[in-house]
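As structure tokens, the structure follows; a few thoughts come after it.
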Amino acid sequence: MNYYDVAQICLNGHVVTSMAQSSPNFQQKFCNECGEKTTMTCQSCDTAIKGFYHVTGVIGFYDYEKPKFCENCGSAYTWTERQQNAANELIDFSEKLSETEKEDFKASVNAVIRNSANSNVAQLKFKKYISSAGSEIAKGMRDIFVDVVSESVRKSIWGN
Ligand SMILES: [Zn+2]
Ligand SMILES: [Zn+2]
């Protein structure tokens, strides 16, 4: 029988284990990376967070990618929200962007996180604003988004 395990993830987004159900001994109450509380369910609707996909007869590992949104209720998981808030705060720090540009930048961050239909435009804007917001902001954005955006997007924006 093929089935999804349950993932345990800290509220900042560090994956503790993608097999919290089948290997409960991997569970931790707190994150050993950052000390934050861990969770196995959506904070809004209590649905279990999808973990490793077990396939009968196949023993193998793949890179488990943590979800950004709950597939049951659509809420952003806490780590996604925090990433977005951190990006917004950083944008507010920029002295080189006007208020209108800041709002537009935030909207593009939102679309990039959501990978939405207009995300190509959002990516272009994101890139444009990152380069005009100054190198401090660009560096901060990289730290926040390094494991959120796809590799191709990352390379196109930051070059590595
Ligand atoms: Zn953590
Ligand atoms: Zn939910």
Side-chain angles (χ1 to χ4, degrees), residues 1-55 59-94 103 105-120 122-123 126 129-130 133 135-160:
M1 194 189 78
N2 303 343
Y3 71 100
Y4 280 102
D5 215 308
V6 173
Q8 188 179 47
I9 303 176
C10 95
L11 298 180
N12 283 331
H14 299 118
V15 177
V16 173
T17 174
S18 60
M19 301 186 202
Q21 197 172 49
S22 61
S23 308
N25 53 315
F26 290 163
Q27 291 182 25
Q28 298 170 188
K29 275 189 194 156
F30 293 94
C31 177
N32 58 345
E33 298 271 334
C34 72
E36 182 56 278
K37 267 197 319 204
T38 61
T39 181
M40 296 190 282
T41 57
C42 168
Q43 309 288 291
S44 304
C45 72
D46 232 29
T47 299
I49 302 167
K50 254 188 192 171
F52 187 85
Y53 188 59
H54 293 272
V55 179
I59 301 170
F61 289 90
Y62 60 89
D63 275 344
Y64 169 76
E65 205 172 309
K66 64 176 182 275
K68 297 176 195 165
F69 298 91
C70 172
E71 60 176 47
N72 185 58
C73 74
S75 309
Y77 285 122
T78 308
W79 48 91
T80 308
E81 252 170 37
R82 287 186 180 177
Q83 248 156 358
Q84 196 161 352
N85 292 341
N88 288 348
E89 279 179 29
L90 197 57
I91 291 169
D92 282 330
F93 258 116
S94 174
E103 290 313 307
F105 193 178
K106 288 177 191 175
S108 72
V109 163
N110 199 347
V112 166
I113 290 179
R114 274 158 216 265
N115 222 340
S116 60
N118 62 350
S119 67
N120 280 343
Q123 271 173 32
F126 186 62
Y129 287 128
I130 279 182
S135 59
E136 298 279 292
I137 308 281
K139 197 184 158 293
M141 283 292 184
R142 190 182 190 284
D143 292 343
I144 296 169
F145 284 97
V146 72
D147 56 34
V148 179
V149 299
S150 68
E151 197 182 331
S152 61
V153 173
R154 198 179 71 225
K155 280 185 177 153
S156 82
I157 296 174
W158 291 282
N160 61 55

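Each ligand, and each atom within it, is numbered from 1 in the order the structure gives.
- Angle SG (C45) to the Zn ion (ligand 2) to SG (C42): 110°, rounded to 10°.
- Around the Zn ion (ligand 1), the protein contributes the following N, O or S atoms under 2.8 Å, ordered by chain and number: C10 SG, H14 ND1, C31 SG, C34 SG.
- Panel note: side chain T39, backbone T41; a donor-acceptor pair is recorded below 3.5 Å.
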Going through the distances and angles, do Q21 and H54 end up as a side chain to side chain contact (heavy atoms under 4.5 Å, CB included)?
CA-CA 12 Å; Q21 197 172 49; H54 293 272; over 6 Å; no
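- Under 4.0 Å is where a charged nitrogen must lie from a carboxylate oxygen, and between E103 and K106 at least one such pair does.
- How far CD1 of I157 is from CD of Q123: 6.0 Å, rounded to the nearest 0.5 Å.
- Between F126 and W158, the angle of the ring planes goes over 60°, which puts this pair in the perpendicular group of the 30/60° scheme.
- Between Y77 and W79, the two ring planes are parallel [angle under 30°; tilted spans 30° to 60°].
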